[in-house]
There are 2 protein chains.
Amino acid sequence: MLCPGPRPRNAAATRTAILDAARERFAAESYDDVGMRDIARDVGVDAALISRYFGSKDDLFVAALDSCGDGSALMQGEKADFGRRVAHEIVFEPKKAEKLKGMSIMLRSIGSAKAAEMVQSSCTQRFFGPLEDWLSGPDATVRARLLAGFIMGMSVSRELGGGTFNIQPAECEKMRDRLAPILQSLIDG
Amino acid sequence: MLCPGPRPRNAAATRTAILDAARERFAAESYDDVGMRDIARDVGVDAALISRYFGSKDDLFVAALDSCGDGSALMQGEKADFGRRVAHEIVFEPKKAEKLKGMSIMLRSIGSAKAAEMVQSSCTQRFFGPLEDWLSGPDATVRARLLAGFIMGMSVSRELGGGTFNIQPAECEKMRDRLAPILQSLIDG
DNA sequence: GACGCTTGTCAACAGGCGTTGACAAAGCCA
DNA sequence: TGGCTTTGTCAACGCCTGTTGACAAGCGTC
């Protein structure tokens, strides 16, 4: 990520690099755990530059969240296949499931009061909302909340297992097979 | 909570008061957001005293987590009624559902790397474990993980809604009614 | 009453944080 | 070449944090 030699003078590229690094950091660690100097080191830049480009740490956080796009990545593919596909990703390919970087950031920030406040507004707008629209049919609002809750909950469960669910591989398959129809039932209505 | 006048000299009572305050704080805010001085103020004591009684903030955190007991509160009552009962509590009485204070603390700490590390060991031991034992029948491990994940996920979803699910009261009933059979199916096997 | 142990307070420290303003270097234009 | 703007670095500031050691006050005991 960090290349040797002096960084070429290119404000736009540097700004983008900072935003990318911030997105990764905030998705992997809590708001409080991420330091400006950490992000700066990732990019190979002085921390002071970030303040100048983005104003404050809060502003950078919001910018990083905004740069994640909405939850549309989750909604690609066949609806009939959703349950099995997403269950598989949650259990076996969490990194792939993290195409919802925004979800990871939200998850990481529920602890910090300040971060949670910043997340809440954009959460409904860019996550619950699109999901709700995508889920046509009765009780779309409720189903969207349940769906989002379950998906995030499994991430929590994984995290508390120490990065895995801390169970046998054979059990993982069973987990996927039990999870899939539950998710699917929320899709189907 | 804080009574006027000088605190009576009683080491045991003071120690307990500190532990209680810490448990409440760590369940309501992230590890990083909770300051020693905050807890001290809750109790009406100097922050230095906490260090002397508990060693370090980390030690206090672990002690607070240990003081939460296991997840047995969740498992009281009829199994046949579990889904409906817990779904109701999650949606309408989150404070009551927080008889699992330990779960709240775990939830608050998934952000902070240090806190998460401290939580992980006791998590399996005092939460996943008892739940798994209680759920007899096939795939108890997997069902316990799913159950715990779903319950925590709904807490996250609530939190991201700003303390409520941010939906209409009528929708809340629908949410409960959809959530209940899902939880119950994981209980029944 | 004087001692000694316990209980609690106070001031201060070292370390980390986000942020700022002054300064250096690079590129552009005349 | 000389100036000017842009891009980036550096040192430092003020603030907040957990923790420590010295000190004060309460309480039982000789």
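Residue numbering restarts at 1 for every chain, and letters A, B, ... go by the order of the sequence lines. Here the structure is a predicted model, which is why all the values come from computation and not from measurement.
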A/Ile50 atom CD1 is separated from C/dT20 atom C1', nearest whole Å, by 15 Å
Could you tell me the separation between the CG atom of A/Asp38 and the P atom of C/dT19, rounded to a whole number of Å?
14 Å
Can you pull out every ring pair (Phe, Tyr, Trp, His ring centres under 6.0 Å) where at least one residue sits in residues 154-189 of chain B? Sequence neighbours excluded, please.
none
Using OP1 and OP2 only, check whether a side-chain N or O of B/Thr14 sits under 4.0 Å from C/dT7.
no
Considering every strand and a 4.0 Å limit on heavy-atom distances, what is the contact class for B/Ala11: base, sugar-phosphate, or nothing?
sugar-phosphate
Atom-to-atom span, CG of A/Asp32 to P of C/dC17 - whole angstrom:
11 Å
Not counting sequence neighbours, which residues clear side-chain hydrogen bond (donor to acceptor under 3.5 Å, both in side chains) with B/Asp20? List them please.
B/Arg23
Nearest-Å distance, CD1 (A/Ile18) to P (D/dT7)?
12 Å
Hey, can you pull the donor-acceptor pairs under 3.5 Å for the side chains in residues 48-55 of chain A, sequence neighbours left out?
none

Listed in order of residue number, which residues of residues 53-63 of chain A have a non-hydrogen atom at under 4.0 Å from DNA chain C?
A/Ser56, A/Lys57
Run the side-chain donor-acceptor check on residues 179-189 of chain B: report pairs under 3.5 Å with partners two or more places apart or on a different chain.
unit_1, atom_1, unit_2, atom_2, d
B/Gln184, OE1, B/Phe82, N, 3.4
B/Gln184, OE1, B/Gly83, N, 2.7
B/Gln184, NE2, B/Lys79, O, 3.0
B/Gln184, NE2, B/Asp188, OD1, 3.0
B/Ser185, OG, B/Ile182, O, 2.7

In terms of the angle between their ring planes, are A/Phe61 and A/Phe26 parallel, tilted or perpendicular, with boundaries placed at 30° and 60°?
perpendicular
Which listed nucleotide (C/dT7, D/dG8, D/dG18) is nearest to the side chain of B/Arg52?
C/dT7
Rounded distance in Å - CD1 (A/Ile39) to C1' (C/dT19)
14 Å
Partner set under side-chain hydrogen bond (donor to acceptor under 3.5 Å, both in side chains) for B/Gln120, not counting sequence neighbours:
none
B/Asp33 CG to D/dG18 P, straight-line distance once rounded to whole Å:
11 Å
Between D/dT17 (P) and B/Arg41 (CZ): distance, integer Å:
9 Å
Does any N or O donor sit under 3.5 Å from an N or O acceptor when you compare the side chain of A/Arg37 with the base of C/dG16?
no
When you get a sec, tell me which of C/dT9, D/dT9, D/dT19 is the closest nucleotide to the side chain of A/Val45?
D/dT9
Any donor-acceptor pair, under 3.5 Å, between the side chain of B/Arg9 and the base of C/dG8, if you only look at N and O atoms?
no
For A/Arg85, is there an ion pair with A/Glu93 - N to carboxylate O distance below 4.0 angstrom?
no
Rounded to whole angstroms, how far apart are OH on B/Tyr31 and P on D/dT17?
13 Å
